[in-house]
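All heavy atoms count here, side chains included; hydrogens, waters and symmetry mates do not. Read the numbers this way: they start at 1 and go in the same order the structure lists the ligands and their atoms.
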Amino acid sequence: MLTVNPQRRINATEALKHPWICQRERVASVVHRQQTVDCLKKFNARRKLKGAILTTMLATRNFSSRSIVAKKGDGSHVKESTESNTTVEDDDCKEDRKVDRSATVIAREPEENGPGKCQVSLVPVIQRNDQVFNDGCARGSSSLDSEEEARKQEIVKLTEQLVEAITVGDYEAYTKLCDPHLTSFEPEALSNLVEGMEFHKFYFDNVLGKFRKAINTTILNPNVHLLGDEAACIAYVRLSQYIDRQGVPHTEQAEETRVWHRHDGRWQHIHFHRSQNGSK
Ligand code: GLY
């Protein structure tokens, strides 16, 4: 009955026929006692270890989501909230049971004059089985899985920082995360491949963080592929809610794929592709 895999675990009818149950006077109290105690100890130890690993992973994520406070010259203010509605099920495994983790919301609150405050918080989203985070049950919790998930987390965090820089129009923060020869396809470039930073700088200088009273950016279902140790690719949907200067609310959706490369120990954004509202 303690078998983790539900396919191999005995069902209720079989359990009732098991000598352990139906002859409990003769069997349960006499036979297997030490073996059972040992198995229960092992089972509990595994649960505890799994819980500790998940707690550590979540603590790392939550801690880092508290830390950014950036002042910009134009008075805008970036901060991250500590809110995280993460749910962890510390129970035995089922393949389709997933830890319900976050989408990132980057929100800029309105101010009378100037672009206003920006707030980053984590909100839960329902994720499919194949997405970034899983509790390791399907393949068995191993340090390899945890390591891989931690590396994926790092890519998600970098992407959050990049999107935050775009949301608030912080070109300096953006360039720090990008390779100077960044290539991109995006709707603004009309299907042309753009190389370098100048094209993007135009929007930072003239548009981003300027004409919208409040912005709320949500990164939905980030999905990371690790490409060896030095590269990774992330895909997600970005939702931007904003209030225009006339007080009218709008929502924009973009689908983004971003490629990261680690060079001399530092992750750099080297390519992205964005389509918007189903367009190319
Ligand atoms: N247009 C800048 C970016 O999406 O990275």
### Query
Are any of the side-chain heavy atoms of Arg9 and Asn11 separated by less than 4.5 Å?
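In short, these two side chains do not touch, never coming nearer than 4.5 Å.
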### Query
Does the side chain of Met197 reach to within under 4.5 Å of the side chain of Tyr174, using non-hydrogen atoms?
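Heavy-atom side-chain distance check passes, below 4.5 Å.
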With heavy atoms only and a cut-off of under 4.0 Å, state how [X] meets ligand 1: side chain, backbone, both or neither.
X	answer
Glu188	neither
Leu162	neither
Met197	neither
Tyr203	neither
Glu186	side chain

At a 4.0 Å threshold, what atoms of ligand 1 neighbour a non-hydrogen atom of [X]?
X	value
His200	1 (N), 2 (C)
Phe272	1 (N), 2 (C), 3 (C), 4 (O), 5 (O)
Arg274	1 (N), 3 (C), 4 (O)
Ile166	3 (C), 4 (O), 5 (O)
Arg258	3 (C), 4 (O), 5 (O)

### Task
Return yes if a side-chain donor-acceptor contact under 3.5 Å exists between Glu256 and Tyr236, otherwise no.
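A donor-acceptor contact under 3.5 Å links the two side chains.
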### Task
Give a yes-or-no answer on whether the side chains of His261 and Asp179 include a donor-acceptor pair shorter than 3.5 Å.
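No - no donor-acceptor pair under 3.5 Å links their side chains.
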### Parallel, tilted or perpendicular: ring planes of His271 versus Phe185, cut at 30 and 60 degrees
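Perpendicular: the ring planes of His271 and Phe185 meet at over 60°.
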### Task
Keeping the roles fixed (side chain from Arg274, backbone from Glu255), state whether a donor-acceptor pair exists under 3.5 Å.
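Absent.
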### Message
Do Ile270 and Phe272 sit in one hydrophobic cluster, given that two such residues count as connected whenever their side-chain heavy atoms are within less than 4.5 Å of each other, even indirectly?
### Response
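Different hydrophobic clusters.
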### Message
With a 6.0 Å cut-off (strictly less than), is the heavy-atom count around CD of Glu14, excluding the residue itself, greater than 12?
### Response
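Atom CD in Glu14 is packed in, count exceeds 12.
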### Query
Among protein heavy atoms, which sits nearest to atom 2 (C) of ligand 1, and what does the distance come to when rounded to 0.1 Å?
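So the nearest neighbour among protein heavy atoms is Tyr174 OH, 3.2 Å.
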